Each structure stands twice: as structure tokens, then as C-alpha cells.
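Quantities reported herein were computed from a predicted structural model and do not represent experimental measurements. All chains are named by letter (A, B, ...) in the order of the sequence lines, taking the proteins before the strands, and each is independently numbered beginning at 1.
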Amino acid sequence: MAIGGLKRTHYCGDVRTSDIGKDVVLFGWVQNWRDHGGVIFIDLKDREGIVQIVFDPSVDEEIHRQASKLRSQYCIGVKGRVRHRPEGTVNPNLKTGEVEVVADTLKVFSECENLPFPVEEYVHVNEEIRLKYRYLDLRKPTMQKNLIIRSKGAFSARKFLNEQGFIEVETPVLTKSTPEGARDFLVPSRLSPGKFYALPQSPQLFKQLLMVSGFDKYYQITKCFRDEDLRADRQPEFTQIDLEMSFVEENDVMEITEGIIEAVFKGTIGYEVKRPFKRLTYQEAMSRFGSDKPDMRFGLELKNLTDIVKDTNFKVFRNVVEKGGIVYGLNAKGCIDFSRKEIDDLTNLVAIYGAKGLAWIKVKKSELQSPIVKFFSKEEIEGILKRLDAEPGDLLFFMADTPKVVYDSLGALRLEIGKKLKLMDENEFNFVWITHFPLFEWNEDENRWEAMHHPFTSPKEEDLELLDKNPEKVKARAYDIVLNGVEIGGGSIRIHRSDVQKKMFKALGISEEEAQIKFGFLIEALKYGAPPHGGLALGFDRLIALILKEKSIRDVIAFPKTQKGVCMLTDAPSEVDEKQLMELAIKVRKTKKE
RNA sequence: GGAGCCGUAGUUCAGCUGGUUAGAACGCUGGCCUGUCACGCCAGAGGUCGCGAGUUCAAGUCUCGUCGGCUCCGCCA
């Protein structure tokens, strides 16, 4: 099919010296123009790259006149002959830099009004305006590359999973609201006035039902929805590579997951990941790194000092230990020259996580400089220095508080110091599995146990009897996968027995009646020959962002939302007609501000 | 719900302890230019300083509020 009498022969970025002498037809956008009064150069761009078009008045005066009107981002078609560039005018920065196309035909498909911002890679533009004109932003080579790599990543995952015998099954987007977990997005039902669907937080229950059906291996690359506050790595709708397998235990799921990641890295940037990935228990991750998603590209590990200082005269520490708290230290190697202000900044950092202060010791050759050292006995000091491997030039930090505050704040401090000292190799991809998670987590606000992963996660077999009396001691058959300090996926072996599932609901304080209303279909399904099964989901946006070294997943999503959940391009969410609301039997309440 | 940073021309930014007519670069418009490639040269247009109060003789600048963007805490099974 010919467009405007032209049929494309090449992408702009694909013209090479092997095409010299050929007539080519190119379609694309004017990236730049250089009008020398006589000869005019146009940089014509499409998704594959840029090629230089030459309009020479001695070739065709009329076309040259038309070309003088071309401006930035006009969409045009060009026919012309490829030739080698004259000596001394080769541009080594372009793939097509050795050649140029002498145009004999020019077709302007669309002119372009004054742009809201330059469509140029080298001009930094505010994200707000980039998102409003996202279609222009996506014309930039980096954004095109990001989405192309994303596409290749999805393809690689699909290819691998298909080769492994997985079957892709679509699950409903209009589904049932579930009380546990994230806040649901609700969709009102017209046919059942006053009732609502929910968008899925994940296909969790459906994929378990598919195991009951006997599909054995399921996967889906699919959107999930969570109505929670946004972050650089969190959007209200995001994409998961979701999978589930029957007759498996933890290692089977972990091996398949490593295979997907291996395939995706190879299929996107040609990177060979090292397998198998490291493994760490939850407890070890917390006590060594202060995080269940440790960045293991560098050391700077935390050390437990509770046993050394539990009887100390330093009241601040002793009181904490007496109340069941812990005392940890962190040796910032060679950081003795940190200024007062730098230490203040770090104190402000840990305060975000609830830390009431940040004690420190500077280790000099002949003395210790510190506001707290005078409170300790000689033995305590020696024990601390030894535990922290302290040497002259080191700066030691201390935190005494509840385990949560100590881990959160020292974990954050570790990352900040790691960043300050540039301890992370930006080119490294460091994977680690976190295993042996607690099954439950105490919810202070609601005064009850909550599932740390989700309520369908199987307890470790040997902990089954602890379910009633010591829920805090029960370990889950759950695992997370972490890359460079970012959680990129997680999963578990599920409960496949309805009696165990009932016990689980009970431990969560969900009454039998409530469980029946919310999850009755699952409990029922588990009664009909449910196989042992388990699975995992990978956060696809995060994975691609890490592969591309992008700081935000917005840069790997075509049309993302702002922190308030607004789409700058379409202005969603928006008000709807009264008529639409009537049909749905919905009345909108005025918010306080109105 | 909370904390921090930011908001000045189409874009990216500068604008000091408050002080005449708010600047630069790029872009845009017009003109010149036959080998440039983020072309070059000349001329020109372009601003409710996010919005609203307040302090002051005087506010882009100080204060308070508000809106928006970003980062983070809470939240995210």
C-alpha cells in the first residue's frame, strides 16, 4: 500500500553504505533542519534512528523550496537516492553517518505547531509537562528504547514459560472485593444496583482455582490494581508476571523464577545473570542489613550489641533492653571526617523512621571521641569495638529502640552511607532470595494478627501446631526475590487443605461466617481434590526499570499517573454525568473541602 | 494523614541582605547564508513571577494559606 504515492523501503535508522545507489522511501519526523540558503539538511527520524536528507536546489528547485518550509517534528515522507557523504562530512555519532539521502520527492503528511517543549533528549523537561504531552515525550529515543526493551522482556518471559510448559490463562478484571490486603478499586454494577466489583490486586485466587482445575502450570502477564498511595516504584495499576504450579515445593518455584529472570536479562540487554541466586532467611536479612529487601552490592553490615550493653550504666541503652528492645551498631568505615552537619543530617534521616536519636563514636588513634563513651565500662567499650571491627578512622553509629525502629533506621542509614561513599556498583545486578518469613505480622491499629504475605500462604509444616497458640513463631512457606535492594517479586507455597485454610482464617480473627462470605468459593474448591501448589509474581515494571537503570517505573510505563493518581494526559479521574450516576444508583457525597 | 524540595518567557534556568523598565540560553517570527549535523550571522516578538491574602513607602524576593509536580514516612496481604 502506498501512502501519498510512496511505499516505505527502509526505516530511517537502517540506511547503510550497502544501500548506496539505491532509491529509498523513508517516513518519519523532522528532528532538525539546517538551511544553508542553498543546500538544506534535514535529520529525519523514526523509531530506528536518524538519517540525513539533503535537498539540493540544483537537483530540484521546487522541492528545495518546499523543504525550506520544513520545521521541527513535521511528519513527512521522502524519496531519494542514497549516496556516500562527501569526504570530511561523515558523522561518526550516527549509525547512518556515512551516508545521506538526496531527496527528489517530498510529501508533508502533517505540519507541527509550536511544541510545548523541545523533543530533544538533551533538554531536561519537568515531568508534569512531559506527562501532559506524553505522546511527544515518547518520541524521544530513550523513551522508545525503554518501551521496546519492555516489549522484549515480556516476549522473553512468555517464550521461556511456554517452553517450560506453562499455559497463559486470562483471569477476570471485574471481580470480587477482598477485605485483606490493599485497598480495592471498586466498579459499581449497573445490573446489581448498590453492589460493586473490585479490580484485582492480583489474580491470586483465580490462579489457585486453575491449579484445582488441573492446569498444572499457569502464567499471565497482567495488570493488577491497588488503591494505595503512589511512589517512584508504585503505580495504582501495574504489571505482574504471575505464575502458579502444582505439585511443587519452594525450590521448584524459585528455579523457574530464576529461569524467567535469566531469559528476560538475556532477551533485553544480553546480560548473563549468575545462578543460582543467593538465599537469606528473613531473620538474617533483618539482623545483618536491617531490611527484608537488602541491597547486597555492598557490606556495611549491622551488628547486634544487645548482649554487650544489656547491663550497662548508660540508662538510655539499658532501659531499652529492659523493655525488650535491642541495641545495634553500624561501623561507617573510614568516616571519621564526617562533619557535625553530616551527622545531623543522618540523625534527621533516622528520625523519619521513629528513631529518637543517633549515638556515635569517632575512633581516633589514641582516643574515642563521642558524647556517649563516658557512660560505658572499659569492658563494654572493648566489646563494642571488637564486635564492630573498629579501627582508627572509623565512625560508629548506635541505635537502641524497638526492633522495628532499629532495623528500619539503621537499614536506611546503611543505604545512605553506602550511597554517600559510593559503595554500590551501578552496573551490578545482585539477586537474593529472602526465605522463612514470619506467617503473621501484628497490626497495632486493629489489634490482631495479619498475614504478612497473604492469607493463603502455607505455614511451614513443622509450625502447624503453633498456629493457635504462638502465631508469632509460625514461619511461612514464602519467598521474596530482591534485586539491588528492590523487591521485584514474591510468592509462596499455598494452603491446599480446606481445614488448614479455615485454621488460618481463625488465626487472623476472621469468623467462619465472614470467611464463608468473602472466601467461601476458595474453601469450597479446596474440598474437591486440590493439589499441593505454589507460585510467585514478579513486578514487571520494577524489573524493567532496574534493567534500564531508571529511577522510576514511570519511565518504563507508556502512560503513567502522577503521585495523586491523576493522568495528566486524559485528566482522569474526572466527574461523570448525573445520568451515569443515576443508572448506577450512586449519589456522590460532598467532601469537606466543598 | 504527615515531612521535605520545587513552581519566573514556549522550554531550561538566573534573579544577592525587599528597591527603577524582571534577564540569559534554546525555541519561535522575519532576513542573510551551498556541506552542515545541538550549523552560523543580523533583527524582532514573547512574562497575570502557580493562585490568594498579609507585612511594607515598596514584594519575583519576607509571612501565612492554597493549588500542582517530585521524593519520602504512614499505607502498599
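Comparing the C1' positions of G23(B) and C16(B) gives a spacing of 15 Å, expressed to the nearest Å. Between C13(B) and U20(B), the two P atoms lie 26 Å apart (nearest whole Å). The gap from the P atom of G18(B) to that of C64(B) amounts to 16 Å, rounded to the nearest Å. Taking atom P on both G7(B) and U61(B), the two are 12 Å apart, rounded to the nearest angstrom. A distance of about 16 Å separates the C1' atoms of G27(B) and G47(B), rounded to the whole Å. Rounded to whole Å, the separation between the C1' atoms of U56(B) and U17(B) comes to 16 Å. Across the P atoms, U48(B) and G2(B) are found 33 Å apart, a figure rounded to whole Å. Of the C1' atoms belonging to U11(B) and G4(B), the separation is 26 Å, rounded to the nearest Å.
Dashed line: the shortest gap from a side-chain N or O of N126(A) to OP1 or OP2 of U12(B) is under 4.0 Å. Of the side-chain N and O atoms in R554(A), one or more sit less than 4.0 angstrom from OP1 or OP2 of U71(B).
Rounded to an integer number of Å, the gap from CD of E446(A) to P of G74(B) is 17 Å. With rounding to whole Å, N443(A) atom CG is found 13 Å from C76(B) atom C1'. Rounded to a whole Å, the CG atom of N32(A) is 15 Å from the P atom of U36(B). Atoms CD (E228(A)) and P (C73(B)) sit 14 Å apart, rounded to a whole Å. The distance between atom CZ of R34(A) and atom C1' of C39(B), rounded to the nearest whole Å, is 7 Å. Distance, R231(A) CZ to G69(B) P: 15 Å, rounded to whole Å. Summarising the geometry, the separation between CD on Q31(A) and P on C37(B) is reported as 16 Å, rounded to the nearest angstrom. Atom CD in E416(A) sits about 18 Å away from atom P in G4(B), given to the nearest Å.
Among the protein residues, S58(A) comes within range of no part of the nucleic acid, since none of its heavy atoms lies under 4.0 Å from any strand. Residue contacts shown for D35(A) include a base, since a base heavy atom lies under 4.0 Å away. No engagement by R130(A) is indicated, since no non-hydrogen atom pair under 4.0 Å with the nucleic acid exists. Across all strands shown, F456(A) has no heavy atoms under 4.0 Å from either base or sugar-phosphate atoms. If you check every strand for non-hydrogen atoms under 4.0 Å, L131(A) touches nothing. Across all strands, I40(A) comes closer than 4.0 Å to no nucleic acid atom at all (heavy-atom distances). If you check every strand for non-hydrogen atoms under 4.0 Å, N91(A) touches a base. Within the 4.0 angstrom heavy-atom criterion, only backbone atoms of the sugar-phosphate kind lie near P118(A); the bases stay farther away. Within 4.0 Å (heavy atoms only), P455(A) reaches at least one base atom of the nucleic acid. Heavy atoms of R83(A) sit under 4.0 angstrom from at least one base atom. Base engagement by Q563(A) is indicated by at least one non-hydrogen atom pair under 4.0 Å involving a base atom. Residue T562(A) is classed as a sugar-phosphate contact, given heavy-atom separations below 4.0 Å to backbone atoms only. In this structure, R85(A) reaches the bases: a heavy-atom distance under 4.0 Å links it to at least one base atom across the strands shown. Backbone-only contact: W33(A) has heavy atoms under 4.0 Å from sugar-phosphate atoms and none from a base.
Distances from the side chain of H36(A) to the nucleotides C72(B), G68(B), U34(B) place U34(B) closest. For A232(A), whose side chain is taken as the heavy atoms from C-beta onward, the closest listed nucleotide among U34(B), C72(B), C76(B) is C72(B). Side chain of V125(A), nearest nucleotide from U11(B), C72(B), G35(B): U11(B).
Here F117(A) does not pack flat against the base of U11(B), since the 5.5 angstrom centre distance and 30 degree tilt limits are not both met.
Classification of the F437(A)-Y282(A) ring pair by plane angle, with boundaries at 30° and 60°, yields tilted. Between H454(A) and F456(A), the ring planes are tilted. Angles from 30° to 60° get that label.
Donor-acceptor pairing under 3.5 Å is recorded for the side chains of Q201(A) and D184(A).
Residue side chain R234(A) reaches the base of C76(B) through a donor-acceptor N/O pair under 3.5 Å, judged by distance alone. For Q52(A) against U36(B), a side-chain N or O and a base N or O form a donor-acceptor pair under 3.5 Å. Contact annotation: side chain of D229(A) to base of G74(B), donor-acceptor pair present below 3.5 Å. Between the side chain of E100(A) and the base of G35(B), at least one donor-acceptor pair of N or O atoms lies under 3.5 Å.
Side-chain contact between M245(A) and V253(A): present, with at least one pair of heavy atoms (C-beta onward) separated by less than 4.5 Å.
When the shell of 6.0 Å around NZ of K460(A) is examined, it contains more than 12 heavy atoms from other residues, nucleotides or ligands.
Residues R542(A) and D233(A) are paired through a salt bridge, judged by an N-O separation under 4.0 Å between the basic side chain and the carboxylate. Salt bridge D19(A)/R81(A): absent, no basic N to carboxylate O contact under 4.0 Å. Using a 4.0 Å cut-off between charged nitrogen and carboxylate oxygen, K549(A) and E426(A) do not count as a salt-bridge pair.
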